[in-house]
Amino acid sequence: MAFLKKVGFFWGGIVVSLVIFAVVQFLLSNGTLDLFYENTLVYMAINIILAVSLHLIIGITGQFSIGHAGFLAVGAYASAIITMKLELPFPLALLVGGIVAALAGFVIGFPSLRLRGDYLAIATLGFGEIVRIAFLNVDYVGGASGMMVEHFTTWPWVFGCMLVTILVILNFTRSTHGRACISIREDETAADAMGINTTYYKVLAFMIGAFFAGVAGGLFAHNFYIIQPSNFGFLKSFDILIFVVLGGLGSLSGAVISAILLTVISAFLQDYPETRMIIYSLVLIIVMLYRPRGLMGTKEITSLFSRKKKSKGGAKDGQSETVA
Amino acid sequence: MLSIEDVQVFYGNIRALEGVSLHVKQGEIVTLIGANGAGKSTLLKTVSGLLKPKKGRVLLEGKEIGGKAAQLIVKKGISHVPEGRRVFANMTVEENLQLGAYLRKDKEGLKQDYEKVYSLFPRLLERLKQQAGTLSGGEQQMLAMGRALMAKPRLLLLDEPSMGLAPLLVKTIFRIIEEINQAGTTILLVEQNAHLALSIAQRAYVMETGRIVLSGTSDELTSSDQVKMAYLGGH
């Protein structure tokens, strides 16, 4: 029964997302949604990929990384080099962007993941800045003036990549590997004592997260005609971090919802440039005041439908506290 | 089964274990008693691979395990119930137990062991879907022990199972420890409640500031003046 339900949610989710895709595709092709909307939608999907990939690192594995823009940058430049310098096809560029970012994730993750909490945050922040400064000084990719990139990113591409990202990370989270990652978040020493290779899983989660951030980088690069190191400053890392925290640490659907919400808010606030950041910040403050654990807490959106009948555990005879 | 030979462990520059030797025979309950900071927990962590010895050897059935990674040691049959229980608070009881069995692949044996754990701790079965963090202290201790048993250990390391529990509950936990032992698991028990620990153990070691100062059978130690004075509050 529970299995049927899970399968039901899985296929239900696929069907719903395909319907959303088809409707948007239809509206785009007959011109109801103009270029502004298309851009916003593409940007939204890229943000979702970033949010979900960081969710795996912070929300599931509990490694507080704030250098995600670094992986985005690595993916963006790597894929841009593939299409513009080597003139290879776009799909390959996305893949290479992901792989190079994952390698960067390994290189930075392996030494720094032995750090915990604040220290890891500072190390990853440093990594993000190093990546930015490095691209700033490499003439091959245009230095500070940036690199011209052709426009390849279309709605079907971003939507496909987004769906794959969500499915892979969702399945990973639900597997034994995912459970091992969550146990690291909960208590690393205890996870060690259970025989879980904590270093392996931390690095693995870091690499998977970095891979999808790199793919997002590829999509990002081929959407805006030009990429510059200044696109990938630490403020970009904080933007992604905000998606995850606002959605609720540990909730994938929370990360998706807050990525959608914040993209929409910031897109529509573009008409009010002088008050934009004030309103944006106010939204963040208000949400955190009223939902301190994020929009979704640690729950997933599916639990809103499936858990209604059953109260969560507890003694049945009305005793809420027990001795043993 | 387990023998520790002249083990030294450091925290930075501070020597926490100053050359400790002890042994545990198959089927025994051996207890390690001593005051706070004597190095009891440090010794357990060294055996289970959470800390690395700087000197000395840790042998499991004659094979060196000192300094090996924790997951290899779990595989070799040593499970550690850490001090303060350390259950995975935001996961359900069931998921906690599944993580205990993380390294195991034998499905049939697993099923039996779940049953075994549920019969030892019926309370856990009642609360399978409940988040571990919402359990009472005693239930969390049971879960921590059940979780360790799911790895099917031959040697179980228990670190202060009585800590922070009501006296009645402590008795229950200790009765269960004896049951686990009778079912064939060797136990190394670290405990501050010396009286209780000596009552179920066959042999005991007394630790003070990183050294073993006394050892013998439980009866010998219970009647030793030195132990009486220091740990049993007797005259």
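Within every chain, numbering begins at 1; the chains are lettered A, B, ... in the order of the sequence lines, protein sequences first and strands thereafter.
In terms of heavy-atom proximity, A:Met194 sits nearest to B:His80 at CE-O, 4.4 Å. Between A:Ser183 and B:Phe88, the shortest heavy-atom contact is O-CE2, 3.3 Å. Taking both residues in full, the closest heavy atoms of B:Asn90 and A:Glu186 are given as N-OE1, 2.6 Å, listed atom of the first, atom of the second, then distance. Between A:Ala190 and B:Arg86, the shortest heavy-atom distance links the atoms CB-O, 3.4 Å.
For a residue to count as touching a neighbouring chain, one of its non-hydrogen atoms must lie under 4.5 Å from one of that chain's; by this rule A:Thr198 does not touch chain B. In this structure, the portions of B:Ala89 lying under 4.5 Å from any heavy atom of chain A include both its backbone and its side chain.
Within a 6.0 Å sphere centred on CZ of A:Phe172, other residues, nucleotides and ligands contribute more than 12 heavy atoms. Few gaps surround CZ on B:Arg104; more than 12 heavy atoms of other groups in view lie less than 6.0 Å from it. Within 6.0 Å of atom CD in B:Gln112, 12 or fewer heavy atoms from other residues, nucleotides or ligands are found, so the atom counts as exposed in its surroundings. The neighbour count for B:Leu168 CG, taken as heavy atoms of other residues, nucleotides or ligands under 6.0 Å away, does not exceed 12. By the 6.0 Å contact criterion, OH on A:Tyr290 is open, its count of non-hydrogen atoms from other residues, nucleotides or ligands being 12 or less. Other residues, nucleotides and ligands contribute over 12 non-hydrogen atoms within 6.0 Å of the NZ atom of B:Lys52.
Going from atom CD1 of A:Ile196 over to atom CG of B:Leu99 covers 4.5 Å, rounded to the nearest 0.5 Å.
In terms of heavy-atom pairs under 4.5 Å with chain A, the best-connected choice from B:Arg147, B:Lys75, B:Lys45 is B:Arg147.
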